[in-house]
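A short write-up of the structure that comes next.
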Amino acid sequence: MSVARPPVVGAGGTGDAQSTPERGGPLVETVTGNVMETEVLRISYGKREVLKGVGIPIAKGKVTAIVGPSGCGKTTLLRSLNRLTDLTSSCRVTGRITLDGEDCISMDPVLLRRRVGMVFQKPNPFPMSIRDNVLYGVQAQGNRGTKHDEIVESSLKKAVIWDEVKDRLGHSALDLSGGQQQRVCIARTLAVSPEVVLMDEPAGSLDPRSTLLLEESIAAMRGDYTVVIVTHDVGEARRISDFLLFMYEGHVIEYGETERLFSDPREAATRDYLAGGLVTLPDTAEGEAPTAA
Amino acid sequence: MTEAGRQSASTIAPPVATVDSARLVFLVPMAGAIVGAGVGLGTLVSNDVDAASVPALAILTLSLLTALSYLRMRAGRWDRPGLILLVASAAAAGVLLVVPQWMYGMNVNGIVHHSVVSIPLLLLVSTAAGARAIQWISGASPSGRDLALYPWLALPVLLALIAYGLLLGDIVITGIGGMSMSILTTAYHTVPSSNGGLAISIGPVGLLNGILGTLLLTAMTLLIAVLPGVGAGVFMNEYPGRLARVVDFCTQMLRAVSMFVIAAAAFGIVKSMNGWDPGSFVSQLVRGSFTDPVSGAPKPENGSFLFAAAVLALLVMPVIAKMTEEGLRSAPRELREGSIALGATDGHALRRILLPWAAPNILTGLVIAAAEANGSLAAILFLEGVGENGVGLTNGVTSLDYSVFATLYGPILYAHTMQKYQLTAALLLLLLTAGLSVAALLLQRRFAKRYRGSMTAN
């Protein structure tokens with residue numbers, strides 16, 4: 001396992017270096033500081049352990065992509081960041097997740113989810129007008145009427161869909177195409193001004209053109225928001241992410257700056273996966289190459 | 001079947017489109033079957049079985065014979081199922097011919113009218129003949145076999161429709177006879193005798209009390225039942241667990257309790273208030289009251305609208321709860337997840353997404369509840385009256401179904417004058433319920449379109 005060799009990225013690495021590799025803590029100190037961190041995160045569904053001790057940083061204001069073959073635990077990791085894992089009764093979480101230093105697991109989940117938003121693989125707009133969709137989270141937090149129009153406009157602009165829908169904000173969001181619905185969902189998530197935006201294979205059900213527009217909006221989010229995106233499309237990860245996290249069977253194999261992982265990966269498994277999607281681990285006795293997602 | 005060799009290309013493709021005129025002859029047994037069955041049923045009404053059923057079976061047998069002979073000609077052999085049908089119809093004919101004398105008479109105890117045997121036989125044979133005929137017309141292809149199922153599936157439906165039709169027809173025809181504007185707008189009253197004695201006489205006669213009573217009772221029942229019903233449904237859905245299962249069990253058990261048990265309990269409550277002051281608030285709420293025209297003092301009725309509505313609400317609440325729960329459960333998971341991921345509380349999600357989504361189901365539940373309430377005369381049987389003293393929350397409870405009952409078994413004066421309006425009352429009740437259902441159906445479609453958009457669930 002690559003945990004033994006903690007590469008340090010960013011010479012400036014001062015700040016809070018509370019965790020060390022021995023404790024399964026974050027492997028790196030990033031330049032901008034970490035908005036979220038996990039330590040020794042273990043998650044199991046019933047008897048099946050899906051995450052086996054994961055400790056990663058999420059760099060603030062950057063786009064972090066999580067890649068890996070199916071079943072490696074990347075979606076579980078993502079969903080644990082906003083505690084959607086709570087919805088599954090058989091799910092057991094141990095370890096630590098922090099947001100700006102605060103412990104996420106003991107925090108009120110509603111408050112956590114207002115700071116950590118999520119966009120799902122299949123667009124899930126509510127059966128309401130586009131405007132009501134975007135304002136849903138805002139109204140849920142108690143904002144009855146303040147600045148609603150501005151919020152709607154700015155959120156839809158950030159999601160790169162304002163021009164397409166500005167004349168029909170009152171129409172049902174369900175009448176839009178899949179790609180448009182997904183961008184409305186992004187706008188809806190951004191409207192509550194979260195610190196972190198989680199994305200679970202957001203382009204999974206979209207056509208190439210919608211995917212490009214989606215990537216445009218993700219790129220625009222950089223700086224103001226922190227984005228964590230799970231994707232099985234390695235090319236997309238390369239295009240849009242600053243940091244890359246490669247997982248396999250519940251472990252973190254490698255983490256670092258995206259370009260470095262592509263050009264000079266430290267693990268053979270990383271190189272194999274990023275190149276063609278097949279993974280051969282030296283640990284596995286049979287040298288099996290499971291199919292990638 | 002080996003008719004495949006004989007089939008022309010035109011019969012292989014669309015089964016029913018083939019109109020080979022020669023094969024039209026197979027419509028004959030089907031027509032004969034329908035005629036035979038209809039006549040058979042008709043004899044039940046006419047009570048003159050001998051005269052009708054023999055020709056009916058004769059038609060059937062002849063038509064089958066014709067078809068089978070034709071088949072023998074074309075295929076070179078007998079159609080075995082057809083042969084069996086022929087034998088069966090001969091047996092049915094035989095039963096009718098042989099048996100009539102000593103099985104005659106519907107009103108005699110212990111002797112069965114032979115139509116009990118022959119009609120079912122006739123129906124079975126006719127359906128089988130019809131199915132066989134369809135199969136032959138469609139060229140004996142696999143799709144033809146499927147089409148041939150249709151008469152079998154249609155038979156029970158047709159029988160039910162005929163039964164309903166006979167019942168409803170009676171109600172409509174007789175009921176309309178008594179219908180008139182004055183009946184609909186006049187409230188039944190009795191008039192105390194002019195010399196101050198005990199005798200009373202009939203005043204105006206009409207069903208207005210019943211109509212208003214039904215409307216008020218239904219509205220009040222729904223009003224009282226909707227909050228606990230929807231609340232229970234929401235509770236069972238949002239907090240699944242032991243308590244929810246207990247609630248579910250209790251609500252279902254409530255439905256199973258015999259209405260007469262509830263009626264007895266309700267009546268017991270009213271009776272226990274025997275010595276109470278009729279003008280007191282509680283007595284008015286529960287028993288209802290009216291002012292005695294002679295003495296001017298308040299007197300208790302048997303049960304007020306409010307109380308009866310409360311009793312009926314108890315009865316129908318489980319339906320509303322169940323429909324609410326199902327509606328909430330049918331909300332797609334991704335909507336809930338989306339709401340949760342935005343940091344909305346469960347309460348907010350309920351208000352903005354889930355309850356609107358469940359609105360069509362809740363509406364259906366209310367309609368079913370209304371229909372059940374109107375049909376559960378038994379639960380308030382001991383409380384009801386004819387509504388002499390008007391219709392209102394603290395007046396004596398009445399409704400159209402009581403009118404239907406009371407015109408035969410109610411107060412003597414009422415039954416004496418209103419007897420001929422019994423079926424009119426029944427017809428009115430039917431129309432009210434039907435109207436309610438239609439209105440609710442339209443409203444439901446509108447809700448589904450508005451709150452679910454194109455995401456139709458289940």
Side-chain angles (χ1 to χ4, degrees), chain A residues 78-79 81-89 107-130 132-142 171-176 181-182 184-185 187-194 196-200 205, chain B residues 234-245 248 324-364 443-458:
Chain A
L78 192 81
R79 287 168 71 98
L81 292 179
N82 73 344
R83 286 182 61 187
L84 269 199
T85 44
D86 289 358
L87 296 181
T88 318
S89 50
M107 202 191 286
D108 182 354
V110 171
L111 292 176
L112 172 65
R113 289 162 192 151
R114 290 178 185 177
R115 296 161 68 182
V116 180
M118 180 176 263
V119 176
F120 296 85
Q121 177 171 1
K122 186 165 159 285
N124 57 354
F126 303 130
M128 313 167 178
S129 67
I130 297 175
D132 284 339
N133 259 282
V134 176
L135 289 174
Y136 181 85
V138 169
Q139 286 169 332
Q141 292 187 28
H171 289 188
S172 168
L174 298 177
D175 294 334
L176 298 173
Q181 286 183 3
Q182 189 67 301
V184 168
C185 290
R188 178 175 81 185
T189 309
L190 295 179
V192 297
S193 303
V196 180
V197 178
L198 308 175
M199 298 186 145
D200 187 1
S205 55
Chain B
V234 169
F235 179 80
M236 287 193 282
N237 191 262
E238 296 299 305
Y239 303 104
R242 186 174 294 161
L243 186 56
R245 286 200 290 273
D248 190 18
T324 310
E325 196 206 347
E326 279 188 20
L328 288 171
R329 201 151 29 123
S330 74
R333 231 175 59 121
E334 56 247 32
L335 287 187
R336 283 176 194 266
E337 278 198 340
S339 172
I340 289 177
L342 285 167
T345 55
D346 284 342
H348 194 257
L350 256 180
R351 200 165 51 85
R352 294 289 312 278
I353 298 181
L354 297 175
L355 278 177
W357 179 275
N361 297 71
I362 296 177
L363 192 63
T364 307
L443 208 63
Q444 192 192 21
R445 283 225 191 111
R446 198 136 164 263
F447 275 6
K449 207 158 147 232
R450 188 155 161 225
Y451 293 123
R452 298 190 186 182
S454 49
M455 304 174 75
T456 37
N458 31 302

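Hydrogens, waters and symmetry mates play no part in the numbers below; they use all other heavy atoms, side chains included. Protein chains get the first letters and strands the later ones, always in sequence-line order, with residue 1 at the start of each.
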### Task
Using non-hydrogen atoms and a 4.5 Å limit, figure out which bit of A:Pro125 sits close to chain B: side chain, backbone, both or neither.
backbone
### Engaged part of A:Val119 at the chain B interface, taking heavy atoms whose separation is under 4.5 Å
neither
## Note on the structure
Applying salt bridge (Lys or Arg N to Asp or Glu O under 4.0 Å) to B:Asp248 and not counting sequence neighbours gives B:Lys322
### Proximity of residues 340-350 of chain B to chain A, residues having a non-hydrogen atom under 4.5 angstrom
B:Ile340, B:Ala341, B:Leu342, B:Gly343, B:Ala344, B:Thr345, B:His348, B:Ala349
### Query
Checking side chain to side chain contact (heavy atoms under 4.5 Å, CB included) for the pair A:Met128/B:Ile353: CA distance, chi angles, key distance, verdict?
CA-CA 9 Å; A:Met128 313 167 178; B:Ile353 298 181; 3.9 Å; yes
### Query
Is it the backbone or the side chain of A:Arg188 that comes under 4.5 Å from a heavy atom of chain B, or both, or neither?
both
### Query
Looking at residues at least two apart in the chain, or sitting in another chain, which of them share a salt bridge (Lys or Arg N to Asp or Glu O under 4.0 Å) with B:Lys449?
none
#### Entry: Shortest non-hydrogen contact from A:Tyr136 toward B:Ser339
OH-OG, 2.8 Å
### Query
Quick one: what part of A:Leu87 sits under 4.5 Å from any heavy atom of chain B, side chain, backbone, both or neither?
side chain
### Query
Any ion pair linking A:Arg79 and B:Glu337 (charged N to carboxylate O, less than 4.0 Å)?
yes
### Under the side chain to side chain contact (heavy atoms under 4.5 Å, CB included) test, residues paired with B:Leu363 that sit two or more places apart
B:Leu443, B:Gln444, B:Phe447
### Task
Kindly compute the distance separating CD (B:Glu334) from CZ (A:Phe126), expressed to the nearest 0.5 Å.
10.5 Å
